[in-house]
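One structure below.
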2 protein chains.
Amino acid sequence: MNDARRKFKRETADQRKEALIQATLSLVAEKGVRGATVRAIAERADVTQGLIRHYFSTKEELVTAAYETHMTEMTDLTFTIAAKVQGTARDHLAALVRTSLEPPVADPRAVALWASFLNKVQQDAQMKATHERTYADFRDRLQDLIRAALDEAGQSVSDTRLHHLATACNGVIDGLWLEGGALPDAFAPGELPGIGVESVGAIIGLDLEQRANQP
Amino acid sequence: MNDARRKFKRETADQRKEALIQATLSLVAEKGVRGATVRAIAERADVTQGLIRHYFSTKEELVTAAYETHMTEMTDLTFTIAAKVQGTARDHLAALVRTSLEPPVADPRAVALWASFLNKVQQDAQMKATHERTYADFRDRLQDLIRAALDEAGQSVSDTRLHHLATACNGVIDGLWLEGGALPDAFAPGELPGIGVESVGAIIGLDLEQRANQP
DNA sequence: TTCGTATTTATACACTTGCATAATTACGAA
DNA sequence: TTCGTAATTATGCAAGTGTATAAATACGAA
């Protein structure tokens with residue numbers, strides 16, 4: 001008769017929230033937002049479903065928090081990796097493009113998440129704001145790198161032209177990122193970053209593929 | 001007391017199936033596959049839910065049929081529009097790129113559908129096959145146009161190189177298509193086709209933006 | 001060690017979901 | 001016109017959904 005009650009451990013609020021968010025992200029990537037049910041999330045986080053209510057007053061709130069976490073992590077990851085590269089401005093630009101199109105940034109799971117969230121992003125104001133913020137962040141950074149690389153090559157361009165170049169390069173990078181994550185088998189290893197560097201270089205009129213000297 | 005039974009009209013099987021499929025697609029675009037419930041689909045098609053069972057033995061079957069219809073329509077649409085252009089091989093290539101990145105092909109709804117279906121496409125064998133077939137169709141066609149344009153310009157390339165160029169251009173086009181549909185406000189009208197033509201031209205080494213003479 | 005309380009589990013509820021089945025009705029064939 | 005039957009509606013059901021609330025327990029403070 002002793003239907004032993006489940007044992008549990010008390011965690012800090014941050015740890016539990018993080019665990020619930022990660023469980024949510026993995027389920028959203030697999031089955032979409034509606035497929036990530038409260039019960040499934042609780043199970044994956046190894047917790048009973050009532051606990052979710054204790055940390056997030058609603059499923060909507062959990063999903064929004066998960067999206068925010070994911071987007072921030074992605075942006076940070078990209079910039080962190082790319083920032084490690086030493087060299088000329090041209091090298092920096094090439095590195096950002098490469099980083100954006102290689103694992104762990106370019107990754108089927110990340111694209112699956114992007115796709116799963118798209119509906120909600122288009123309808124929920126808060127998620128839309130998060131999306132636009134991270135998008136603008138990336139694009140401004142890219143624009144700065146393009147300007148620096150062109151300066152370095154002795155080329156000056158108007159602000160209008162620079163804006164156009166950044167939009168074009170950003171579109172190509174994001175597009176290839178999506179494409180690579182959606183069809184990982186359509187490209188040979190390393191092919192996607194190569195296409196990205198080639199395309200971005202062609203658009204702005206610099207050869208990004210030739211590396212500067214490195215010791 | 002006379003809870004008048006709902007009046008109805010008998011339609012042909014094809015008409016009803018088509019109506020149900022269109023209702024399904026519009027709901028999937030808005031709310032994802034799980035959000036497109038049998039009851040919501042029936043309501044949008046102005047029919048009671050039991051009827052769906054009469055034409056499709058399961059919701060899965062309806063969703064699969066809807067996906068197939070959508071993908072086929074998209075491919076046909078793209079090729080049909082692009083094929084109307086007269087001119088040189090270079091013009092044909094430019095037209096395909098432009099068509100792919102303009103309405104009605106490039107369109108937020110189409111991208112929303114793509115995103116909503118992504119999960120299922122990756123998991124369901126039949127949908128995966130449909131996806132790969134339409135993808136390969138487009139890419140082969142693109143490759144032929146690239147070869148013709150290069151021939152015309154007196155340039156010959158190896159098969160390996162041609163394959164790489166087609167992959168790169170296809171990635172850029174699909175990527176920009178996704179990007180444009182996901183962020184319709186990020187680009188000025190006509191900007192996206194311009195970026196596409198510019199990028200594809202840069203990748204293959206031809207200026208696609210200069211039109212051949214047209215009467 | 002005891003005790004208080006925030007954390008966690010357990011249970012329940014109202015509603016939605018896909019699917020099944022019985023009851024009606026429109027419409028072509030005779 | 002009548003009549004048969006396929007098309008359509010109406011109703012029901014078991015499983016799954018998000019959320020609410022009460023009961024139990026781990027663990028730091030005293």
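Reminder, nothing fancy here: chain letters follow the sequence lines and each chain counts from 1. Side chains are part of it too, since the values below use all heavy atoms of this structure and drop only hydrogens, waters and symmetry mates.
- Here the C1' atom of nucleotide dG18(D) and the CZ atom of R34(B) are 15 Å apart, to the nearest Å.
- Looking at heavy-atom distances under 4.0 Å, F56(B) makes no contact with the nucleic acid at all.
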For this session: Scan nucleotides 19-27 of chain C nucleotide by nucleotide, 5' to 3', and note B when protein non-hydrogen atoms come under 4.0 Å of the base, S if they reach only the sugar-phosphate, - if neither.
Result: BS--BSSBS

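- Rounded to whole Å, atom P of dT7(C) lies 11 Å from atom CG of D14(A).
- One atom, CD of E43(A), and another, P of dA10(C), lie 14 Å apart when rounded to the nearest Å.
- The phosphate of dA7(D) has neither OP1 nor OP2 within less than 4.0 Å of any side-chain N or O from Y55(B).
- Atom-to-atom, CG of L51(A) to C1' of dG18(D) comes out at 16 Å; the value is rounded to the nearest Å.
- If you check every strand for non-hydrogen atoms under 4.0 Å, T37(A) touches sugar and phosphate atoms only.
- What separates CD of Q15(B) from C1' of dT8(D) is a distance of 15 Å, to the nearest Å.
- Atom P of nucleotide dA6(D) and atom CZ of R16(B) are separated by 17 Å, given to the nearest angstrom.
- Here E30(B) pairs with R44(B) in a salt bridge; the nearest charged N to carboxylate O distance falls below 4.0 Å.
- Nearest to the side-chain atoms of H54(A) among the listed nucleotides dT7(C), dT9(D), dG18(C) stands dT7(C).
- A 6.0 Å sphere centred on NZ of K59(A) holds more than 12 heavy atoms belonging to other residues, nucleotides or ligands.
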For this session: Show your reasoning for whether side-chain hydrogen bond (donor to acceptor under 3.5 Å, both in side chains) applies to H70(B) and Q22(B).
Result: CA-CA 9 Å; H70(B) 170 66; Q22(B) 291 307 325; over 6 Å; no

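- Sorted by first then second residue, the side chain to side chain donor-acceptor pair (under 3.5 Å) pairs that include residues 165-183 of chain A, not counting sequence neighbours, are Y135(A)-N170(A), R139(A)-T167(A), E179(A)-Y135(B).
- Note that K17(A) lies in the cation-pi zone of F56(A), set by a 6.0 Å cut-off to the ring centre and a 45° limit from the axis.
- Without hydrogens or angle criteria, E191(A) side chain to A188(A) main chain gives a donor-acceptor distance under 3.5 Å.
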